[in-house]
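Following: one structure in structure tokens, then a few remarks.
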Amino acid sequence: MTKFALIAALTASVAAASAASADSNFSFDAAQNSGSILELGVVNSAADGVIEVYDYRLGEQGKLLAVESVHAGANRDTRINLNSEPFGDVLAVLKSGGQVLATQQVDVRAN
């Protein structure tokens, strides 16, 4: 019975994580002009959390560039100050409680 309870709890946890991920997304144009402000538009989050922005110029998650808090629901006009222009593409990662809810690569175009 204990093994069954553990499997049921794990299955429920995975299902809850999948549901949270399905309700979380970025809804903006994935290409932006270079600059120190990243404009993400509306960010929908299933829970309170953060957006972490990473260097992504080599096609893999690099150095952490910025972190911005978000609340559960629709976060309108979401803008993140990177403190300096990125050298290339960036990766926005929406997290809550250490769990990744959504990711979005952003093409940064030179002006």
### Message
Within this structure, what is the CD1-CG distance for the pair Ile51 and Leu94, rounded to the nearest 0.5 Å?
### Response
6.0 Å
### Task
Inspect the surroundings of CG in Asn33 and state if more than 12 heavy atoms from other residues, nucleotides or ligands are less than 6.0 Å away.
yes
### Leu38 and Val53, any side-chain heavy atoms less than 4.5 Å apart
yes
### Query
Just how far is it from atom CG of Asp55 to atom NZ of Lys63, taken to the nearest 0.5 Å?
8.5 Å
#### Entry: Shortest non-hydrogen contact from Ala46 toward Ser24
N-OG, 2.9 Å
Side-chain atoms of residues 82-93: list all donor-acceptor pairs with protein atoms under 3.5 Å, sequence neighbours left out, distances to 0.1 Å.
unit_1	atom_1	unit_2	atom_2	d
Glu85	OE1	Ser34	OG	3.3
Asp89	OD1	Val108	N	3.0
Asp89	OD2	Gln105	NE2	3.4

### Task
Any chance you could measure Ser69, atom OG, to Asn75, atom CG, to the nearest 0.5 Å?
10.0 Å
### Side chain proximity check, Ser45 to Leu101, heavy atoms < 4.5 angstrom
yes
### Gap between atom CG of Leu40 and atom OG of Ser27 - 0.5 Å precision
9.5 Å
### Task
Only one of Val106, Val43, Thr78, Val42 passes side chain to side chain contact (heavy atoms under 4.5 Å, CB included) with Phe28; say which it is.
Val106
#### Entry: Shortest non-hydrogen contact between Lys95 and Glu52, atoms and distance
NZ-OE1, 3.1 Å
### Query
So which heavy atom on Gln104 is nearest to which on Phe26, and how close?
CB-CD1, 3.5 Å
### Message
Counting neighbours of CZ on Arg76 that are heavy atoms of other residues, nucleotides or ligands and sit closer than 6.0 Å, is the number greater than 12?
### Response
no
